[in-house]
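Quick notes on the structure that follows.
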There are 2 protein chains.
Amino acid sequence: MQMREDIFKIITSLPEKDLQHQLLEQSTMLNYDKNDVIVREGQYVKTLPIVLEGSIRVFQTKEDREILLYYVEPGQTCMMSLSAGFFNQASAIKAVAASTCTILSVPTRCIAPWQRRFDSWNSFVLKTFRKRYGELLTVFESVAFDHIDKRILDYLRHRAKKTNTRQIQISHQMLADELGTTRVVISRILKQFETDGTLILGRGTIELK
Amino acid sequence: MQMREDIFKIITSLPEKDLQHQLLEQSTMLNYDKNDVIVREGQYVKTLPIVLEGSIRVFQTKEDREILLYYVEPGQTCMMSLSAGFFNQASAIKAVAASTCTILSVPTRCIAPWQRRFDSWNSFVLKTFRKRYGELLTVFESVAFDHIDKRILDYLRHRAKKTNTRQIQISHQMLADELGTTRVVISRILKQFETDGTLILGRGTIELK
DNA sequence: TCCATAGTGTATCTTTTGATACTGTTCGGC
DNA sequence: GCCGAACAGTATCAAAAGATACACTATGGA
């Protein structure tokens, strides 16, 4: 497999020579276009995707509604696939490419042996479990206890912080999909915020004040 | 430490002699009365509680509202404490004794070393992570997508199955606390179900048909 | 037996959210 | 410049859930 800079970064975070060797040996590299479905609900996962470039959106879905759980960013992996690697089980979530992205695809049969054998891999696995659990708890809290106006604002602020700009590029429809509601509701609340002076609306953009 | 039957059961599920020895050596046994608070939100956890007898209710809370996440039953442990054992962090949840209960209290400093050293402990840790993550996803799905009537019915059926009886001993207020709503809402929906013939209400009991 | 307390039934009102429908506007290709 | 698709504003209606208030009843002590 060709050695890219992003792979190099992952590799160096796993210092054991033997692990590095096996990782390069066993995995393949895959490319996805934006909106490609990577994992469907109910699907049995056979590989662990480690994101190299771009990011993956992970959703909980039910009929035609869906709610964003978290993003998988470069250097990270998906909780469900990890869980599926240890225990053969169907995915409870849906994963979609948030942008054009490249992933390192590790066969799930490798996960358990490596986890027992290599300290850095063990640590990677545990960190993933913890991170995803924490994120799920956070989303749960906001869905369970907060009204939509607060959830919208939290989402926008979080995103502004992540991309380090107050200009957020997102349509009302997209926002509705991420938060598990409908476009009309989002438009209504956003308009209220604009009247308040909390933000400024544009076509496809929202600017936080 | 005295050897009780319930400890014996845990011990035998962890076959490594050395691990058994350390477990008995390092842990202490604690008793809690019903409604004793075992972990508060924001508290830094120093021990991993393994339930021997009785059960623990784990909640997500916000101001005066709370929602049940899961129960910790005999032989099981809590996700947050485990996570706290690997990474020093504050608990995001609240744990309360659901009944009089006895727990085996393992210092968190033991968790990581044992996990790398003993196969059975490693497996115990991973199973706990997976189980709790799955449960959280299930609760999330019902809170995000289901109406309260369905959530009440799901709760009652799940509980009926668990205790293997159709007579459920719970007050409307308790039910409201578990599902994160108010007593009036529960009474209203339950009355509808009784009119439908789905169940029969008594003082402190609900009988599923 | 009396009484505080927990448990329950119910009515009324409000807020939040969802559903539907219709209008207009911007943008990119042709 | 035209046209379709994506994007946005808004009005109306209905359903779900929360808030509050009050009445009634069973239960278990003192």
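First the proteins, then the strands, lettered A, B, ... as listed; each starts at 1.
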Which atoms of nucleotides 25-29 of chain C (N or O only) lie under 3.5 Å from a protein N or O atom, and what are those distances?
unit_1: C/dT26; atom_1: O4'; unit_2: A/Arg203; atom_2: NH1; d: 3.4
unit_1: C/dT26; atom_1: O2; unit_2: A/Arg203; atom_2: NH2; d: 2.8

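Taking a cutoff of 4.0 Å between a charged side-chain nitrogen and a carboxylate oxygen, A/Lys162 and A/Glu73 qualify as a salt bridge.
Listed by residue number, A/Thr181, A/Thr182, A/Val184, A/Val185, A/Arg188 are the residues of residues 178-200 of chain A with a heavy-atom contact under 4.0 Å to DNA chain C.
No side-chain donor-acceptor contact under 3.5 Å links A/Arg151 and A/Tyr155. Neither side chain, B/Gln76 nor B/Thr128, offers a donor N or O lying under 3.5 Å from an acceptor on the other. Looking at A/Thr61 and A/Glu41, their side chains do bring a donor and an acceptor atom within 3.5 Å of each other.
In this structure, the CD1 atom of A/Ile67 is 13 Å from the P atom of C/dT17, given to the nearest Å. The interatomic distance linking A/His147 (NE2) with C/dG18 (P) rounds to 11 Å, in whole Å. Between the CZ atom of B/Phe145 and the P atom of D/dA17 there is a distance of 15 Å, rounded to whole Å. Computed from coordinates, the B/His172 NE2 to D/dG18 C1' distance equals 18 Å when rounded to whole Å. For the pair A/Asn35 CG and D/dA6 P, the interatomic distance rounds to 12 Å; values are reported in whole Å. A/Gln169 places its CD atom 11 Å from the P atom of D/dA8, with the value rounded to the nearest Å. One can place NZ of A/Lys150 at 16 Å from C1' of C/dT16, the figure rounded to the nearest angstrom. The interatomic distance linking B/Leu175 (CG) with D/dA17 (C1') rounds to 15 Å, in whole Å.
To the nearest 0.5 angstrom, B/Lys46 atom NZ is 12.0 Å from B/Ser81 atom OG. Between the CG atom of B/Leu179 and the CD1 atom of B/Ile67 there is a distance of 8.0 Å, given to the nearest 0.5 Å.
For the side chain to side chain contact (heavy atoms under 4.5 Å, CB included) criterion with B/Gln20, the lone passing option out of B/Ile11, B/Thr12, B/Ile10 is B/Ile11.
Within the structure, salt bridge (charged side-chain N to carboxylate O under 4.0 Å, His left out) pairs that include any residue of residues 174-190 of chain B comprise B/Arg57-B/Glu178 (at least two apart or interchain).
Both tests pass for B/Arg132 against the ring of B/Tyr70: distance under 6.0 Å to the centre and angle within 45° of the axis.
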